[in-house]
Trainee: 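Take a look at this one; I'll ask things after.
All chains are named by letter (A, B, ...) in the order of the sequence lines, taking the proteins before the strands, and each is independently numbered beginning at 1. Remember, it's a predicted structure, so these values are computed and weren't measured experimentally.
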Amino acid sequence: MPYQPGKIEPKWQQHWEQNKTFKVEIDPNKPKYYALDMFPYPSGQGLHVGHPEGYTATDIVSRYKRMKGFNVLHAMGWDAFGLPAEQYAIQTGTHPAVTTQVNVDNFRRQIKALGFSYDWDREINTTDPKYYRWTQWIFLQIFGAGLAYEHDAPVNWCPELRTVLSNEEVIDGKSERGGYPVVRKPMRQWMLKITAYAEKLLEDLEGLDWPVSVKEMQKHWIGRSIGAEVHFEVWGKPDLSFVVFTTRPDTLFGATYAVLAPEHPLVEQIASEDQWQAVVAYKEACAAKSDLDRTDLAKKKTGVFTGSYAKNPVTGENLPIWIADYVLMGYGTGAIMAVPGHDQRDWEFAKAFGLPIKNIIAGADVTAAAHTEDGELCNSGFLNGLKVEPAKEKIIAWLEAQGKGKRSINYKLRDWLFSRQRYWGEPFPLLHKEDGQVLPMDPKDLPLTPPLTENFLPSPTGESPLANLPEWINVTLPDGQPAKRSSNTMPQWAGSCWYYLRFTDPQNDQAAWSKEAEKYWMPVDLYIGGAEHAVLHLLYSRFWHKVLYEQGHVSTKEPFQKLVNQGMILGENGEKMSKSRGNVINPDDIVKEYGADSLRLYEMFMGPLEKSKPWSTSGLEGINRFLNRFWRLYLDDQDQILTTLTEAPASTEIERLYHETVKKVTEDLEALRFNTAISQLMIMVNELTGQQERNQAMLQGLVLLLSPFAPHLAEELWSRLGGTRTLAYEPWPDFDPSKLKQDQVTIPVQVLGKHRDNLTIPLGASEAQVMELARQSEKIQKQLEGRTLVKVIYVPDRILNLILK
RNA sequence: GCCUGGAUGGCGGAAUAGGUAGACGCAAGGGACUUAAAAUCCCUUAUCCGUAAGGGUGUGCGGGUUCAAAUCCCGCUCCAGGUACCA
């Protein structure tokens, strides 16, 4: 009987499920290992071949670590709040909970068909009140720490999605989901003070084993810059002043004008009568612009003079104050001192409006462009002759002494806009009293569940669907006072901010997790998922984790010790897989036709985990052939263990290859090099296929080596070989270094760096011995003819290179 | 523009304390088995010249260091991802 994955795979999946093979408990006698997948949003489309790539990788590591004696936490869950179920509800009236349940069931079925070694007793679902009860509890901890506040300001409003979005969710002025335009709209919204953690979020990146690109992205997003704040007085209005932030305080003598953001509160106070109309018109024009207009179309600088002047604190000169939208209210102080000679943006603005450009770096030419490099200062009073860095120090000291400024650090990171105008999300556990006071709910009363409704449509004005349900919104406090619930809900990120903690203690109904479980399992040792979460999810959860750490709820500063981004699996034509391109591969079809083991192995064999690579059905068939060959090493056509499996020892060559294979596969697994580990297994199988007799013990070892990759096939062969229980906890094979030694080695001989012949030499042979052998080679003799040997380079047991003249 | 990766046969990819480039797989070609096909097994396969023996050329491009460079250094080109008036 040939290898029939359709028969053995369901059998072993059932076996694992019934015996709870992968159930884990805290075991202080064993070292722990926590392997985590980025849990999926269970969409209606079902699983994509991209999902199993990361899941297979963590599963292989989990299975390997178990065999290495680790107590492995590996679990799966559902990030199930989110837009699609809600959009579907709007269209059909089906409650999102119903849609979610159907999708979750489908995802679970698909994932289970792939044979992952999850502890299914730990399955979680962010939309389960038993789960989001604790999401709400964490929010109360954040609220209690004063890190949540309501803010009345322009926010990113997406009319198409009818919700606000965080800065991180707006990409190029469009929504991250769907790519719809985003505009600014003033609204009162909950904000989380992630900026209070900017420094820690930046600092603690250092100790993490993460891809450089992700660390860089987070660094850029946090965007720390060091400079100074400088105070400017408004001429003729001594009670009015403003503060600018600059990274180049050394250029203060070169400032020729100042610019305020159009939204700056001072603008209305300083706009002169004759400029008033122009200022108001400009402000209105800016307010109407979308984010996209402000960035993309802003190649040309625009702005308006306010009619007022500021006093340069160091020269006493008059500087005209302008407003321009190249100065953003959201960054720094919303005001700048313009130094057109040494800042390209200021230079362009000065050129556009005929403002003076002053050079303060000796020898610099500022007629064609701003000079932004280092140099010696000139025209700068007491800073003359200094280089940029010392000049910064000196001017900051001067400003501080004069009370006209101070050293300052600024971050690009903004506070996290945390509310959404949605139905399908965690309600805020807060009550708003009529006097404006906000009361947190008593944690004992959680979860706060959303009301049942059939109208899921948010109003176009930005009110959430919950606002239509007065019987839910309006409550009476114990003292008889009326209060209102918040009609907004939390963003989808809330649930995924802490799910890795819940996995450590998923059934706990007394706490979000027990200290004991958290202390034993955390941090996550290996976290694998897509690169699209580089800033969003990974920054948000690091922030929550740090808050929880400071409150003593968790024991580690960082949640995810090692992070790996799996690459994308492209369609067979090399393009991104999508329905419209018609190149989508459905894992269900692959499992049906070739089996889960083939799919798992193929996805790992395609190339390095981190790289994007195109799907190839014939490549998958090649892997399937390999598994068939593997099967036939053990079983004959009648499905019997081959009689050629013997107790007799294998030849030394075969034995050496086996030990090499154990070594290579082990090392490759530690380094997540699954593709080369599989190659080595293929080499071993190819070699054994040619053998008449095979040593049974060795073949048992080989089954164990294959088992993390193709667990169903391995379990089946293991039991056929006499195993009475799962191989999941069998010790991982060891290799014997003494078996790897060869007494002879073949080395290349080069003449003038060109490969001319190979020599088989005794291991550790001396240069003289090797030269002697080389002289016996006909090919080398031919090379030596008529030439003189000038130099011999011999790297023991590696290479011989002869230099001739 | 800036930041981070990357570029190796017809294809996916191996090989980096510098030391036989192309492991393994796919595709292609040839052969065995078969009435035939599928499946399986064996062989060939970087490229050019040559019947062969053998030789030349080759890791995006141009230089350099070295006995020896896919690997190190300098200067480019192109591709992917991220980011974008952040003062």
Side-chain angles (χ1 to χ4, degrees), chain A residues 2 171-173 211-217 219-221 223-225 227 244-249 251 259 261 294-296 298-301 324-328 330-339 342-346 348-349 410-414 531-532 534-535 565 567-568 572 574 601-602 605-608 610-623 625-626 628-629 632 637 673 675-683 685-686 689-690 746-759 779 782 790-795 797-804:
Chain A
I171 293 166
D172 292 337
V212 272
S213 60
V214 176
K215 284 196 192 183
E216 284 299 311
M217 275 189 240
K219 273 186 204 167
H220 285 151
W221 193 262
R224 184 181 131 116
S225 55
V244 306
F245 172 71
T246 177
T247 54
R248 291 290 305 275
T251 60
V259 186
R294 282 201 170 196
T295 52
D296 266 19
K299 303 285 175 223
K300 216 177 134 211
K301 295 275 182 292
D325 69 353
Y326 83 95
V327 174
L328 311 172
Y331 182 77
T333 58
I336 63 158
M337 62 180 214
V339 185
H342 306 280
D343 180 285
Q344 190 57 28
R345 295 154 302 190
D346 296 344
E348 283 163 17
F349 190 82
N410 239 291
Y411 300 91
K412 279 205 287 189
L413 184 70
R414 303 266 67 90
E532 66 274 18
V535 271
N565 291 132
M568 222 188 314
E572 208 136 11
L601 212 62
Y602 174 61
F605 185 64
M606 291 170 84
E610 306 82 0
K611 274 189 69 173
S612 290
K613 50 241 155 183
W615 180 268
S616 156
T617 299
S618 40
L620 172 76
E621 282 165 357
I623 283 290
R625 275 198 284 274
F626 163 68
N628 269 290
R629 281 150 72 88
R632 289 196 302 269
D637 294 345
R673 288 185 302 245
N675 54 334
T676 49
I678 295 167
S679 291
Q680 183 65 32
L681 290 168
M682 287 173 167
I683 292 168
V685 168
N686 289 347
T689 299
T746 301
I747 62 160
V749 182
Q750 295 182 339
V751 174
L752 287 165
K754 286 199 177 182
H755 178 219
R756 296 297 176 182
D757 199 8
N758 290 327
L759 284 183
K779 286 178 188 169
K782 230 169 114 184
V790 203
K791 197 174 174 190
V792 175
I793 290 142
Y794 178 58
V795 184
D797 304 329
R798 296 293 288 277
I799 198 167
L800 178 70
N801 192 3
L802 306 178
I803 311 306
L804 306 181

Trainee: What residues form a side-chain hydrogen bond (donor to acceptor under 3.5 Å, both in side chains) with A/Lys412, not counting sequence neighbours?
Mentor: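 For A/Lys412, no residue satisfies side-chain hydrogen bond (donor to acceptor under 3.5 Å, both in side chains) once neighbours in sequence are set aside.
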Trainee: List the residues meeting salt bridge (Lys or Arg N to Asp or Glu O under 4.0 Å) with A/Arg224, not counting sequence neighbours, and say none if there are none.
Mentor: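 Salt bridge (Lys or Arg N to Asp or Glu O under 4.0 Å) list for A/Arg224, sorted by chain: A/Glu199.
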Trainee: List the residues meeting side-chain hydrogen bond (donor to acceptor under 3.5 Å, both in side chains) with A/Arg632, not counting sequence neighbours, and say none if there are none.
Mentor: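 Testing A/Arg632 for side-chain hydrogen bond (donor to acceptor under 3.5 Å, both in side chains), a comparison that skips the adjacent residues, returns none.
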Trainee: Checking one value: the base orientation of B/rG81, syn if chi is within 90 degrees of 0, otherwise anti.
Mentor: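 B/rG81: anti.
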Trainee: Watson-Crick or G-U wobble partner for B/rU57, using a 3.5 Å limit on both distances?
Mentor: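 Paired with B/rA46.
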Trainee: side-chain contact (heavy atoms from CB on, under 4.5 Å) with A/Leu752: which residues, sequence neighbours excluded?
Mentor: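 Per chain and number, A/Leu752 pairs via side-chain contact (heavy atoms from CB on, under 4.5 Å) with A/Arg787, A/Ile803.
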Trainee: Distance between the P atoms of B/rC49 and B/rG10, in whole angstroms?
Mentor: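 Approximately 15 Å lies between the P atom of B/rC49 and that of B/rG10.
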Trainee: Using purine N1 to pyrimidine N3 plus N6-O4 or O6-N4 for Watson-Crick, or N1-O2 and O6-N3 for G-U wobble, each under 3.5 Å, what pairs with B/rG81?
Mentor: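 Partner of B/rG81: B/rC3.
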Trainee: A/Ser213: which residues meet the side-chain hydrogen bond (donor to acceptor under 3.5 Å, both in side chains) condition with it, sequence neighbours left out?
Mentor: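 Residues passing side-chain hydrogen bond (donor to acceptor under 3.5 Å, both in side chains) with A/Ser213: none at all.
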Trainee: Which protein N or O atoms sit under 3.5 Å from an N or O of nucleotides 39-42 of chain B?
Mentor:
unit_1	atom_1	unit_2	atom_2	d
B/rU40	O3'	A/Arg632	NH2	3.1
B/rC41	OP1	A/Arg629	NH1	2.7
B/rC41	OP1	A/Arg632	NH2	3.4

Trainee: Would you mind reading off the distance between A/Met217 atom CE and B/rG81 atom P, rounded to a whole angstrom?
Mentor: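 The answer, rounded to whole Å, is 11 Å.
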Trainee: With rounding to the closest Å, how many angstrom separate the C1' atoms on B/rC74 and B/rU20?
Mentor: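 One C1' to the other, the span is 29 Å.
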Trainee: Of A/Leu752 and A/Val212, whose closest RNA chain B nucleotide lies nearer the 5' terminus?
Mentor: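 By nearest-heavy-atom nucleotide position, the 5'-most residue is A/Val212.
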Trainee: Reading nucleotides 44-56 of chain B 5' to 3', which nucleotides get B (base under 4.0 Å from a protein heavy atom), which S (sugar-phosphate only), which -?
Mentor: ----------SSS
Trainee: B/rG58 and B/rA52: how far apart are their P atoms, nearest whole angstrom?
Mentor: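 Their P atoms lie roughly 22 Å apart.
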Trainee: For the P atoms, the ones on B/rC67 and on B/rG18, what distance do you get once it is rounded to whole angstrom?
Mentor: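 Comparing P positions in B/rC67 and B/rG18 gives a spacing of 15 Å.
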Trainee: If the C1' atom of B/rU44 is compared with that of B/rC26, how far apart are they to the nearest Å?
Mentor: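 To the nearest whole Å, 16 Å.
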Trainee: Measure the distance from CE on A/Met682 to P on B/rA23 and round it to the nearest whole Å.
Mentor: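 Atom CE in A/Met682 sits about 14 Å away from atom P in B/rA23.
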Trainee: Does the protein touch nucleotides 7-20 of chain B at the base, only the backbone, or not at all? Give it as B, S and - per nucleotide, heavy atoms under 4.0 Å.
Mentor: -----BSS----BB
Trainee: Of all residues at least two apart in sequence or in a different chain, which pass the ring-ring contact (aromatic ring centres under 6.0 Å, His included) check with A/Tyr326?
Mentor: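 Residues passing ring-ring contact (aromatic ring centres under 6.0 Å, His included) with A/Tyr326: A/Phe349.
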Trainee: For A/Lys412 and B/rG82, give me the distance from atom NZ to atom C1', rounded to whole Å.
Mentor: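 Spelled out: NZ on A/Lys412 to C1' on B/rG82 is 11 Å.
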Trainee: If we take the C1' atom in both B/rG22 and B/rA14, what is their distance in whole Å?
Mentor: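 Roughly 7 Å separates the two C1' atoms.
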Trainee: Restricting to ring-ring contact (aromatic ring centres under 6.0 Å, His included), what partner residues turn up for A/Trp615, sequence neighbours left out?
Mentor: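 Checked A/Trp615 against ring-ring contact (aromatic ring centres under 6.0 Å, His included); matches are A/Tyr602.
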Trainee: Can you list the residues that meet the side-chain hydrogen bond (donor to acceptor under 3.5 Å, both in side chains) rule with A/Glu532, with sequence neighbours excluded?
Mentor: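 With neighbours one apart ignored, the set is empty.
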Trainee: According to salt bridge (Lys or Arg N to Asp or Glu O under 4.0 Å), who are the partners of A/Arg414, at least two apart in sequence or on a separate chain?
Mentor: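 Per chain and number, A/Arg414 pairs via salt bridge (Lys or Arg N to Asp or Glu O under 4.0 Å) with no residue.
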Trainee: Would you call A/Leu759 and A/Ile747 a side-chain contact if the rule is heavy atoms closer than 4.5 Å?
Mentor: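 Side-chain contact under 4.5 Å: yes.
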Trainee: Whole Å only: how far is the CD atom of A/Glu532 from the P atom of B/rU83?
Mentor: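 A/Glu532 atom CD is separated from B/rU83 atom P by 12 Å.
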Trainee: Would you kindly give the CD-to-P distance between A/Glu348 and B/rC85, to the nearest whole Å?
Mentor: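 Whole-Å distance recorded here is 12 Å.
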